[in-house]
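FYI, side chains are in, hydrogens and waters are out, and symmetry mates aren't considered; it's all heavy atoms of this structure. In what follows, chains carry the letters A, B, and so on, assigned in the order in which the sequence lines appear, proteins first and then strands, with residues in each chain numbered from 1.
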Number of protein chains: 2
Amino acid sequence: MSYQKPVSGCQQCVVRNRAICSSLSPSELDVLNKIGRRVPVHRGQTLMWEGDDSSLVANVIDGVLKLSTSTADGREQIVGVVYPSDFIGRPFGSTTQHSVTALSDAQVCLFTRSAFDEFARAHPELEHKLLQRTLTELDRARHWMLLLGRKSAGERVATFLLEMAHRLADATCAANGQPAERFELPLSRQQMADLLGLTIETVSRQLTRLRQAGIIDLPDRRAVVILDHEAMEAEAGNG
Amino acid sequence: MSYQKPVSGCQQCVVRNRAICSSLSPSELDVLNKIGRRVPVHRGQTLMWEGDDSSLVANVIDGVLKLSTSTADGREQIVGVVYPSDFIGRPFGSTTQHSVTALSDAQVCLFTRSAFDEFARAHPELEHKLLQRTLTELDRARHWMLLLGRKSAGERVATFLLEMAHRLADATCAANGQPAERFELPLSRQQMADLLGLTIETVSRQLTRLRQAGIIDLPDRRAVVILDHEAMEAEAGNG
DNA sequence: CGAAAGGTTGAGTGCTGTCAACGTCCGTGG
DNA sequence: CCACGGACGTTGACAGCACTCAACCTTTCG
């Protein structure tokens, strides 16, 4: 991993006002500046490995990354997807419980865990932001457990697309004036399957079914257009 | 819900040294004492409802409770099981994302969220304990996602029994000198099914299969004895 | 242009859900 | 004390959804 010189200035950071650092004063930021390094991560590169000693933590500046775990025989489950301003790694703990891999080229602001832990202990406002973020992630993870434990393949795929639309959508208007949503998937079919607890073939079939039903369009492999938002909600099992 | 007089003394609390309150000095405990109330909860009673305004939080003093969510059409998923010294409720957030229901008669130390939030903001050591606990819960939830997304019914039941044994086991020795573990399940078959993302029939069949294979014994409806720990690990898919 | 990676479609199987009957345990009330 | 009813659990028959295996198509890249 190629370390670069210290972050030129947290003040100019694009996630300055959204990441947990937003709790800090300019002088505190200067200190943080000295212990963090901005590091580029290439698509497919794994930043942390499941089971490793937890020696690094980071803020995501740009790009999308996955968190994943595997069984002994190689079955994989994606347990989280993180976006700019999200926090990754396991502070205050000895081992990392899941791997972190870049889904797109990305940039992260990397800290050694020991330096970050020490800094965080001295800055309660930062810990508070981290607590809020962790509580939100826990709610999200538990909500996903409902999908994995109780939803059908059709419901899983529809739920996933709606969540992606919610996170990524460029709201536009179709020619007929009906609202439409288009976005680019940050995941391959295999990654969607690993997130949804399905196989690649089942994901593909469900997407085809939704397309043939006129509920979505798939202009290319990575693009999705939601044509009928109401039908999607029904497909997702939301009332 | 019947409120009782304020906790007579946190100093004497059985979870005093394990719950997040362990971060507090005697004088700080006195303050906390004034805003918390010890409340009994009967088996089956629901303390918080999914979707409600988050107006209460609590520490578990005694008993076992479940956290659960449901789909619009009534399918349920248990997303967590909490034990004495665990924290429940959603501080610093407006709504509760899952219901909390007692699996056994229980006692909790209840706070209004507003009072707790205010107290926590003023006591960084308490927030730090809460952060550690939340990070651990997040790791646990994400690990359970692997079970729900990727494991077979047999693996799920075996994994669940091993985790229960780990949490509850009275280590004993069988007559032949081989180590054995016996424990009482805090969950009914239906609740096990809701936790594992299975049906009650499938749980029952897998238990019968493990019993007939000589890997476990089921002395009565709620008791389990693990006869062959190694075989259980293999059944659980832990390589 | 060819190969490799990613994605779709089809045929068939099997695991787990559904529906139903039956068994067991326990508390209640005659 | 016994009869009854309800909650809980087990077992069986069957069906269907999702997985497996395989072929084929599309896109990308050397």
Discussion item. What's the closest nucleotide to the side chain of B:R189 if the choices are D:dC19, D:dT10, D:dT27?
Written reply: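 Of the options given, the side chain of B:R189 lies nearest D:dT10.
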
Item to complete: Name the first nucleotide and the last nucleotide along DNA chain C (5' to 3') that come under 4.0 Å of a heavy atom in chain B.
Response: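 The contact span of chain B on DNA chain C goes from C:dT16 to C:dC25.
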
Exam field: side chain [X] to backbone [Y], donor-acceptor pair closer than 3.5 Å:
| X | Y | result |
| --- | --- | --- |
| B:R156 | B:L196 | yes |
| B:R150 | A:G74 | no |
| B:R142 | A:I78 | no |

Please report the distance, rounded to the nearest Å, between [atom1] in [X] and [atom2] in [N].
| X | N | atom1 | atom2 | result |
| --- | --- | --- | --- | --- |
| B:R222 | D:dA7 | CZ | P | 15 Å |
| A:L198 | D:dT20 | CG | P | 11 Å |
| B:R221 | D:dC8 | CZ | P | 8 Å |
| A:Q190 | D:dC19 | CD | C1' | 13 Å |
| A:E155 | D:dC17 | CD | P | 12 Å |
| A:E201 | D:dC21 | CD | P | 10 Å |
| B:L218 | D:dT11 | CG | C1' | 15 Å |

Worksheet item: Under a 4.0 Å heavy-atom cut-off, which of residues 144-153 of chain A touch DNA chain D?
Response: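 Within residues 144-153 of chain A, the residues near DNA chain D are A:S152, A:A153.
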
Item to complete: State whether a side-chain donor-acceptor pair under 3.5 Å links B:H143 with A:Q97.
Response: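 Distance-only check fails for B:H143 and A:Q97.
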
Worksheet entry | B:Q191 (side chain) and D:dC8 (base): donor-acceptor pair under 3.5 Å |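 For B:Q191, whose side chain was compared with the base of D:dC8, there is no donor-acceptor pair (under 3.5 Å).
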
Worksheet item: Is there a donor on the side chain of A:R205 or the base of D:dT20 sitting less than 3.5 Å from an acceptor on the other?
Response: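 Side chain to base: pair present.
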
Discussion item. Would you say that B:V225 contacts B:I216 through its side chain, given a criterion of any heavy-atom pair below 4.5 Å between the two side chains?
Written reply: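 In short, these two side chains do not touch, never coming nearer than 4.5 Å.
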
Fill in: Student check: side-chain heavy atoms of B:F87 and B:V57 closer than 4.5 Å
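Sidechains of B:V57 and B:F87: in contact.
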
Worksheet entry | Evaluation steps, side chain to side chain contact (heavy atoms under 4.5 Å, CB included), between A:L146 and B:V79 | CA-CA 8 Å; A:L146 178 63; B:V79 298; 5.6 Å; no

Worksheet item: Stepwise, does the side-chain hydrogen bond (donor to acceptor under 3.5 Å, both in side chains) test hold for B:K151 with B:T159?
Response: CA-CA 9 Å; B:K151 290 196 172 183; B:T159 303; 3.2 Å; yes

Discussion item. Both A:V203 and B:L207 contact DNA chain D. Which one's nearest nucleotide lies toward the 5' end?
Written reply: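 It is B:L207 whose nearest nucleotide is closer to the 5' end.
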
Item to complete: For A:M48 and A:T46, work out which heavy atoms get closest and say how close.
Response: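 Minimum heavy-atom contact is O-CG2, 3.1 Å.
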
